[in-house]
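Working notes for the structure below.
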There are 2 protein chains.
Amino acid sequence: MKNRKIPLNLNCGLDLVGEVLYGKWKMRLLWFIKQGHKRPSELQRKIPDASRRVLNVQLKELEDHELISKVVYPVVPPKVEYNLTEFGESLIPVIGAIGQWGDSNEERLRALIMATPASKIEVVSEE
Amino acid sequence: MKNRKIPLNLNCGLDLVGEVLYGKWKMRLLWFIKQGHKRPSELQRKIPDASRRVLNVQLKELEDHELISKVVYPVVPPKVEYNLTEFGESLIPVIGAIGQWGDSNEERLRALIMATPASKIEVVSEE
DNA sequence: TTGCATAGGGATAATTTTATCCCCTATGGT
DNA sequence: ACCATAGGGGATAAAATTATCCCTATGCAA
């Protein structure tokens, strides 16, 4: 998400949403924050597949887009909390719907995804 | 979407949905097909920002994921039609919800996105 | 004194995703 | 012959996204 060479297209609602919600971990971040996991370290534990760095970056973008707000407590060791803004809250039902569809179709999706050539992982022999 | 080096994570519903719906044009393709624009050339006209090639690729993925089905008529010049499968149909309300949220918040989103440093386009002087 | 927890961020590499380019099919019309 | 139509696809370049590595700071505990 740095300066782009290719102009954004922001024609329809879908484009606009994409701009703030695309990002591998963003929806999950919003979701977990909604569930009360507000501190960076908690979120990190909830999403161990993402590195701390990446979460920071995506949190920052969510903040820039006013979906979450950040509170920094001036204590040591540092303490930070994220909260959904009202704007962010309004997205929760949408994310809920997406996750819900995924959960409802979990088995089928899993099978489809695994069957797709695109998802075959390239196994590299260890050394 | 070729063979990947980094394992997919398919922990929750959100991950699963992402696997079939991430892709710059996929939701729009589904949406337009739903609206009756079933032929590749129609879709292309609806989404002029994407090249024909890219649409083909994404349509193929949607097909592999059983969200749409493809009918090839053995005529010349060729005629092809895509239709939503039932599975694909079941996604329409979700896509609708996303687009709806985007439309409802269009102005705010547009302003936020433009204000974000990340979206500043790198202007290259001509020549 | 070293180690740990907490949070943050620059620089760069790796990976994935999109875009671009160019070519192919077959038939009917000019 | 040559073009237009309607649909496809390989190869490669470019761009965008993620991951990795390493460094900052503070106060407390072993």
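The chains referred to below are lettered A, B, ... by the order of the sequence lines, with proteins before strands, and numbering in each begins at 1. Note that these values count all heavy atoms, side chains included, but never hydrogens, waters or copies made by symmetry.
In this structure, the nucleotide among C:dT6, C:dG8, D:dA19 sitting nearest to the side chain of A:R39 is C:dT6.
Heavy atoms of B:V80 sit under 4.0 angstrom from primed sugar atoms or phosphate atoms, though from no base atom.
For the salt bridge (Lys or Arg N to Asp or Glu O under 4.0 Å) test, no residue two or more places apart in sequence or in another chain qualifies with B:E63.
Side-chain N/O atoms of B:K70 include one lying less than 4.0 angstrom from OP1 or OP2 on D:dG8. OP1 or OP2 of D:dT17 has not a single side-chain nitrogen or oxygen of A:Q58 nearer than 4.0 Å. The side chain of A:S41 contributes an N or O atom lying less than 4.0 Å from OP1 or OP2 of C:dA7. Residue A:N56 has a polar side-chain atom (N or O) positioned under 4.0 Å from OP1 or OP2 of C:dG8. Residue A:K24 places at least one side-chain N or O closer than 4.0 Å to OP1 or OP2 of D:dA19. For B:K5 and C:dT15, the shortest distance from a side-chain N or O to OP1 or OP2 is below 4.0 Å. OP1 and OP2 of D:dG7 both lie 4.0 Å or more from every side-chain N or O belonging to B:K60.
Counting distance only, with no hydrogens placed and no angle test, the side-chain atoms of B:R53 and the base atoms of D:dG7 include no donor-acceptor pair under 3.5 Å. Between the base of D:dG8 and the side chain of B:R52 there is a donor-acceptor pair shorter than 3.5 Å.
A side chain to side chain donor-acceptor pair (under 3.5 Å) with A:K26 holds for exactly one of A:E61, A:H65, A:Q58; it is A:E61.
The main-chain N or O of B:T85 is never found under 3.5 Å from a side-chain atom of B:S69 such that the two would form a donor-acceptor pair.
If one axis is set at each end of the helix from C:dT1-D:dA30 to C:dT30-D:dA1 from five pairs, those axes are 40° apart, to 10°.
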